[in-house]
Amino acid sequence: LPAEPQFESKKRVLMVFFQTNRKTQTSGKKSGERVIIEAIDKKPKALIYESDGIESKIKHETLEEDDNIYLKGFIVDVSVESVSGRIVAYRLLDVHEIIEIDEDDGQTSLIE
């Protein structure tokens with residue numbers, strides 16, 4: 001039998017995009033996008049949108065804004081989904097704020 005997934009909530013962690021997908025997905029399904037949350041794991045993991053509202057907030061930033069999504073950081077609440085002790089995905093529960101990440105000096109500034 002496959003191992004049951006385990007879930008652990010993390011509040012207000014910094015998430016950055018590693019890979020984006022322009023298509024909209026059904027809530028609760030893997031989005032095809034990969035993100036890094038260094039406070040949890042330095043490797044990119046699959047992103048799952050917990051609700052359509054959360055997804056539309058992120059999609060607005062990825063599709064409608066002119067600036068580079070890869071230079072933005074998202075302060076988020078996630079549920080970390082693990083199977084057999086290995087992280088397989090982050091379920092995005094809430095987006096608190098979006099910050100710009102300046103690649104030159106590592107400084108950040110608030111967007112919202």
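Not measured: the values here are computed from a predicted model. Values reported hereafter were calculated over all heavy atoms of this structure, with side chains retained and with hydrogens, waters and symmetry mates removed.
- The closest side-chain heavy-atom distance from V76 to D94 is not below 4.5 Å.
- In this structure the side chain of L14 never reaches within 4.5 angstrom of the side chain of I37, judged on heavy atoms.
- Considering only residues two or more places apart in sequence or on other chains, D41 meets the side-chain contact (heavy atoms from CB on, under 4.5 Å) condition with K43, K45, I87, Y90.
- Note on V13 and V95: same hydrophobic cluster, where clusters join Ile, Leu, Val, Met, Phe, Trp and Tyr whose side-chain heavy atoms are under 4.5 Å apart, directly or indirectly.
- For S56 and Y49, the side-chain atoms include no donor-acceptor pair closer than 3.5 Å.
- Residues satisfying the side chain to side chain donor-acceptor pair (under 3.5 Å) criterion with K10, sequence neighbours excluded, are E8.
- Screening residues 73-85 for side-chain hydrogen bond (donor to acceptor under 3.5 Å, both in side chains) gives D77-H96, E81-R91 as the qualifying pairs, with residues at least two apart or on separate chains.
- Residue V88 is found in a hydrophobic cluster whose other members, listed by chain and number, are V83; membership requires side-chain heavy atoms under 4.5 Å apart, directly or through intermediates.
- Other residues, nucleotides and ligands contribute more than 12 heavy atoms inside 6.0 Å of the CZ atom of F7.
- A distance-only check finds no donor-acceptor pair linking the side chain of E33 to the backbone of Q19 [under 3.5 Å].
- The residues K72 and E61 are annotated as salt-bridged, a charged nitrogen and a carboxylate oxygen being separated by less than 4.0 angstrom.
- Pairs of residues two or more places apart, or lying in two chains, never qualify as salt bridge (Lys or Arg N to Asp or Glu O under 4.0 Å) while including a residue from residues 12-21.
- With contacts defined as side-chain heavy-atom distances shorter than 4.5 Å, the pair V78/V35 does not qualify.
- Of the inter-residue distances, the one linking N68 atom CG with E100 atom CD reads 10.5 Å to the nearest 0.5 angstrom.
- Taking the side chain as every heavy atom from C-beta outward, I48 and L92 never approach each other to under 4.5 Å.
- Of the possible donor and acceptor atoms, one in the side chain of S31 sits under 3.5 Å from a partner among the backbone N and O of L47.
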* **CA sep, side-chain torsions, deciding dist, call: F17, F74, ring-ring contact (aromatic ring centres under 6.0 Å, His included)** => CA-CA 9 Å; F17 275 87; F74 298 82; 5.5 Å; yes

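- Listed by chain and number, the residues in a side-chain contact (heavy atoms from CB on, under 4.5 Å) with E38 are I36, K42 (sequence neighbours excluded).
- Connection of I98 to L93 is not established within any shared hydrophobic cluster, with ILVMFWY side chains joined at heavy-atom distances below 4.5 Å, either directly or through further cluster members.
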